[in-house]
Amino acid sequence: MPRTSKKKAKPASSGGGFNIFDETDVADPDGDEDLPKDEAGRQKIKQQYIDLLGIRIQKLKGRILNRERINKTLEGIYFICSRCMKVCHNLDEGLVEDRENTNNLCVPCSQAAQLVPAAPVAKAPARKKKPTTVAAKPKSPRKK
């Protein structure tokens, strides 16, 4: 006679069965509870960009590095601020976009630029002009 296997006692489940569409475990995709995890992920990606680009950050300053779709309506943009030369994300630091996408700024840098007036450009000293002579009398022909 074959032996029968011992079955372990199962804990009593409170639903009576397995349900794929269990409503209690569904998370809201637009919920704000994921924001700290998302911020940590963005910080990690920024650090990876810094490690990857190295000294080329100076060459790429002000440029957009990557655009990502966060959900149907929200877009995330990684860029290098042209003033502070940090890798920034539009949801963390904010983005002041340039028309040509070559001089993008983060919001703190753009506000600092608005608060501090631009230094006046020093004009080059004017060249001294040679004094003009008053019309001289025509010279008389020389005798030889």
Side-chain angles (χ1 to χ4, degrees), residues 1-140:
M1 183 165 162
R3 289 187 177 178
T4 60
S5 63
K6 293 182 180 180
K7 293 185 180 180
K8 294 180 182 177
K10 293 183 182 178
S13 60
S14 63
F18 178 73
N19 188 0
I20 295 176
F21 302 108
D22 191 10
E23 301 262 340
T24 59
D25 295 347
V26 175
D28 185 19
D30 295 333
D32 292 339
E33 69 255 5
D34 292 335
L35 286 181
K37 183 183 84 170
D38 291 344
E39 282 185 39
R42 288 194 295 268
Q43 292 297 329
K44 185 177 178 183
I45 292 172
K46 287 180 199 177
Q47 188 61 42
Q48 288 174 347
Y49 272 123
I50 291 170
D51 294 341
L52 177 70
L53 294 174
I55 61 172
R56 289 182 292 251
I57 285 181
Q58 185 141 9
K59 182 179 179 183
L60 296 171
K61 69 179 182 177
R63 303 273 172 95
I64 290 178
L65 299 173
N66 189 22
R67 293 179 187 262
E68 62 181 356
R69 180 75 58 188
I70 294 173
N71 60 29
K72 290 182 181 179
T73 59
L74 194 59
E75 185 176 46
I77 301 172
Y78 289 96
F79 64 99
I80 300 174
C81 176
S82 63
R83 188 165 184 188
C84 64
M85 287 191 278
K86 290 183 184 175
V87 176
C88 303
H89 192 275
N90 69 326
L91 295 180
D92 296 333
E93 292 86 7
L95 170 64
V96 178
E97 214 167 342
D98 182 37
R99 290 180 190 246
E100 291 85 29
N101 278 333
T102 57
N103 197 23
N104 295 313
L105 295 172
C106 59
V107 170
C109 288
S110 73
Q111 289 175 350
Q114 290 175 355
L115 293 177
V116 177
V121 178
K123 293 183 180 179
R127 292 183 181 176
K128 293 182 180 179
K129 295 182 179 180
K130 293 182 180 178
T132 55
T133 57
V134 180
K137 297 179 186 178
K139 295 181 179 179
S140 59

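Here the structure is a predicted model, which means the values were calculated and not measured. Count residues from 1 along the sequence.
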Contact summary for L105 and S82, nearest pair of heavy atoms: CD2-OG, 3.2 Å

Under the side chain to side chain contact (heavy atoms under 4.5 Å, CB included) test, residues paired with I64 that sit two or more places apart: R67, I77, F79, E97, N101, N104

So how far is it from [X] [atom1] to [Y] [atom2], rounded to the nearest 0.5 Å?
{"X": "I57", "Y": "I50", "atom1": "CD1", "atom2": "CD1", "answer": "5.5 Å"}
{"X": "C109", "Y": "E93", "atom1": "SG", "atom2": "CD", "answer": "9.5 Å"}
{"X": "C84", "Y": "K61", "atom1": "SG", "atom2": "NZ", "answer": "11.0 Å"}
{"X": "R56", "Y": "I80", "atom1": "CZ", "atom2": "CD1", "answer": "10.5 Å"}
{"X": "I70", "Y": "D38", "atom1": "CD1", "atom2": "CG", "answer": "7.5 Å"}
{"X": "I45", "Y": "N66", "atom1": "CD1", "atom2": "CG", "answer": "8.5 Å"}

K46 NZ: over 12 foreign heavy atoms closer than 6.0 Å: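 Check passes, neighbour count above 12.
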
All ring-ring contact (aromatic ring centres under 6.0 Å, His included) counterparts of Y49, not counting sequence neighbours: Y78

Backbone of K59 reached by a side-chain donor or acceptor of R63 within 3.5 Å: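 Here the side-chain-to-backbone pair does not exist.
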
L95, V96, L74 screened by side-chain contact (heavy atoms from CB on, under 4.5 Å) with N90, the one that passes: L95

